[in-house]
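See below for the structure under consideration.
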Amino acid sequence: MLWRLMFKSLTKTTFSRATKSLSFAALHHSASPINFPKASEAQNSTPLKSNSFTSNRTSPKTNSLTPRIVLATLQDCPSDLVSLSSFFWFAQQPHYFHDKPTFRHMVSVVSNLTQTHGTVKGIIEELQSVGCVTKAQTLLLLMRIYWCGSMYDMVLESFQEMSNYGYTPNTYARNIVIDVLFKIKRVDVALNVLNETQSPNFLSFNIAICNLCWLNDADNVKRVLRCMLMKGYYMNPETYSLVLSCLCKFSRLNEALQLLSMMMVLGVQVSVNVWSILIDGFCKSGHIEVAAYLLEKMIEVGSSPNIVTCTSLIKGFLKSHMPGKAFEILGILESKGCFPDLVLCNVLIDCLSKMGWYEDAFEVFSSLRERKLIPDVYTFSSLVSTICLSKQYVLLPLLTSGLAVQPDLVVCNGLLSYFCRSGYPEGTVGFYNDMIDRGFLPDKYSFASVLNALCRLGRINEAVNVYNGIIRTYPDIDAHIHTIIISGLIKSGSFHKAMRFFRKSISENLPLDVVSYNIAIGGLTRDGQMKEAYDLFTQMKKMNVAPNKQTYNLIVSGFCRNRDVKMFSHIMQEMLDKNIGIDGHTQKLVKNLLRSDTRDPHLTVNLLFELSKLGLFPNEDQLLLVNGDDDVSVSADFSSQTYDKLDDIVSVG
DNA sequence: ATAGGGTTAG
């Protein structure tokens, strides 16, 4: 109902009134702490008004301590210092361990204290002045608070203070330092600390392995793994999963397979989730055949694929244009009495629509109700994308009426793009402002849409201003954003400005990709500036941006239009070498040049000659047959018609 | 109960 309201009318006032009822507001409260009962309300409350708790007082009944009472008490402390010393006191109670929310609360307490007192030593002295005795445990807890708050320099400082106070940091403290050193990318130092740790435990290795996986440092992962095994720590199934998923995440699939072999050789039970991780890894990198092979192997060793395994495979087969296989797996799944869950339905909606099977995607969406599945943000985003791809924009309010999904940033981004694509860029700008008002932190997707909308509205200067603001604030923005501005400038007729902008982007080493270059090259070729276009083409290769089919076709058709047979032939040779075909538009241009009634018969002969040197042979139906892509094919011989045509042309010449 | 599988931009 909320969404129906939203799309009923899109005038500014109704729009914002409608979105207010979207309960966006609730979204911002979801992260706030729930109101816990205060310690004073709880039975056997722990008296903490004074800081004399280190003295011999009546021991409170600690079995009544619960994290929520502790947190409430800490939140209630009159000062940060009291809060911190209370936190230490609680930690000393037998069998009591602080939970994550409490640590998170202490992060703000301790960062205040750090601001006030400057150093860890300063805080310790302050604690001592109120009677809190410094122990190794105190410093370790401080380390853990800083660690929890990602205040890495302070973690290291606390660690240093441990030694200064004459304590020998235990393995736990060293593990934290190892993690922090990895997080600040001091890999060698981290590995040294690990090596010098007297009695490393399972976690020491686990932390190192996990971080190294994140840093894509598989060589060191192997080194640490070997070290771990030598120290007598056998990896547990979780560690195998961890390493495998890290390897798969970075597409190091051969190593993942090696690890699988190792597991099998060592007789480690290969769990369904390990198989799922591997299968998903191969699906994601497009090696569906290996994924299918793994599925066979898995079944062979007596493991049964579950819905997760199947979801990866179904997605993989659909993305590899093998719907038959995908539905086969879906059928097997259903025959086992296992029916699609929400994730699988979301995958189906997404994949089917990307294949152009919009009706089927909509049907999956409609089937959710009878499956008793409640659509979520993924469903919504996929559905918006389906509607955009199918260009059936009117369906959005129809399909989503009564759908009460709490929008997240991705949903909002989907809608931003929906407004623009459906021909309502004003909606994008309005919705964007509304999002910001409601506290959403826009990301690169949001920026992309709003810049695109401003360009389409002809508000190009505004777009450039917003763009400049974005790149000032977010230095690591990707190619999409730059491309939108370049394209916007070209489309608005500011061709030279666009080119200045593009060259400036190159000189500033901004991350331009093949699409950015294609937009610029397209602008230049349409303007007849083939020399400049070719320069950019050379430049992109120098910058290691591989030209794609579109780039080659832009260049080759540009030379064709400029009647530059030599360059045309040169590029065509390159395309043949790379097995890149020419598109319909280029074919048409070549066809025109090959017409016998051309005004320049010599050019035509030249072109035919060049084409024949390349092994390309025109015939009547399809004037150009090229080795390579689907829109062109190979011909081994000159057709007789070609000779006739050549005769015609020569005789005319 | 949990992992493992899902969405958005030029």
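Please read these numbers as outputs of a predicted model, since none were measured by experiment. Just so it is clear: chains get the letters A, B, ... in the order the sequence lines come, proteins before strands, and each one is counted from 1.
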- Message: Please classify the nucleic acid contact of A:Val347 as base, sugar-phosphate, or nothing, using heavy-atom distances under 4.0 Å.
- Response: sugar-phosphate
- Message: Within the 4.0 Å heavy-atom criterion, would you say A:Asn452 contacts the bases, only the backbone, or no part of the nucleic acid?
- Response: sugar-phosphate
- side-chain contact (heavy atoms from CB on, under 4.5 Å) against A:Tyr293, all qualifying residues, sequence neighbours excluded: A:Lys297
What's the [atom1]-[atom2] distance between [X] and [N], to the nearest Å?
{"X": "A:Leu278", "N": "B:dA3", "atom1": "CG", "atom2": "P", "value": "19 Å"}
{"X": "A:Leu409", "N": "B:dT7", "atom1": "CG", "atom2": "P", "value": "16 Å"}
{"X": "A:Leu242", "N": "B:dT2", "atom1": "CG", "atom2": "P", "value": "20 Å"}
{"X": "A:Asn413", "N": "B:dG10", "atom1": "CG", "atom2": "C1'", "value": "14 Å"}
{"X": "A:Tyr474", "N": "B:dA9", "atom1": "OH", "atom2": "P", "value": "19 Å"}
{"X": "A:Leu244", "N": "B:dA3", "atom1": "CG", "atom2": "C1'", "value": "14 Å"}
{"X": "A:Gln269", "N": "B:dA3", "atom1": "CD", "atom2": "P", "value": "21 Å"}
{"X": "A:Asn273", "N": "B:dT2", "atom1": "CG", "atom2": "P", "value": "15 Å"}

- Query: A:Tyr445 on top of B:dT8's base, within under 5.5 Å and under 30°?
  - Reply: yes
- Task: State whether a side-chain donor-acceptor pair under 3.5 Å links A:Gln529 with A:Asp527.
- Result: yes
Close approaches to DNA chain B from [range], in residue order (heavy atom, under 4.0 Å):
{"range": "residues 506-517 of chain A", "value": "A:Asp513, A:Val515, A:Ser516"}
{"range": "residues 478-499 of chain A", "value": "A:Asp478, A:Ala479, A:His480, A:Thr483, A:Ile484"}
{"range": "residues 307-344 of chain A", "value": "A:Ile307, A:Val308, A:Thr311, A:Ser312, A:Lys315, A:Asp341, A:Leu342, A:Val343"}

- Item | Contacts of A:Phe502 that satisfy ring pair (Phe, Tyr, Trp, His ring centres under 6.0 Å) - sequence neighbours left out | A:Tyr517
- All ring pair (Phe, Tyr, Trp, His ring centres under 6.0 Å) counterparts of A:Tyr358, not counting sequence neighbours: none
- Query: Among pairs that include at least one residue of residues 470-489 of chain A, which meet ring pair (Phe, Tyr, Trp, His ring centres under 6.0 Å), considering only residues two or more places apart or in two chains?
  - Reply: A:Phe447-A:Tyr474, A:Tyr467-A:His482
- Task: Only pairs at least two apart or in different chains count here, so list each ring pair (Phe, Tyr, Trp, His ring centres under 6.0 Å) that has a residue in residues 318-346 of chain A.
- Result: none
- Item | Where at least one partner belongs to residues 235-249 of chain A, residue pairs that pass salt bridge (Lys or Arg N to Asp or Glu O under 4.0 Å), sequence neighbours excluded | none
- Query: Partners of A:Asp478 by side chain to side chain donor-acceptor pair (under 3.5 Å), sequence neighbours excluded?
  - Reply: A:Lys444
- Message: Is it the case that the ring center of A:Tyr96 lies less than 6.0 angstrom away from the ring center of A:His98?
- Response: yes
- Message: Does B:dG5 have its OP1 or OP2 closer than 4.0 Å to a side-chain nitrogen or oxygen of A:Lys249?
- Response: no
- Respond yes when some side-chain nitrogen or oxygen of A:Arg421 is under 4.0 Å from OP1 or OP2 of B:dG10, and no when none is. yes
- Is there any side chain to side chain donor-acceptor pair (under 3.5 Å) pair reaching into residues 307-318 of chain A, and which pairs are they, with sequence neighbours excluded? A:Ser276-A:Thr309, A:Asp280-A:Ser312, A:Asn306-A:Thr309
- Does A:Leu333 reach the side chain of A:Leu344, with side-chain heavy atoms less than 4.5 Å apart? yes
- From B:dA9, B:dG4, B:dT8, pick the nucleotide closest to the side chain of A:Ala448? B:dA9
- Query: The side chain of A:Val410 lies closest to which of these nucleotides: B:dA9, B:dT8, B:dG5?
  - Reply: B:dT8
Under 3.5 Å, which donor-acceptor pairs do the side chains of residues 493-501 of chain A form with other protein atoms, sequence neighbours left out?
| unit_1 | atom_1 | unit_2 | atom_2 | d |
| --- | --- | --- | --- | --- |
| A:Ser494 | OG | A:Ser492 | OG | 3.4 |

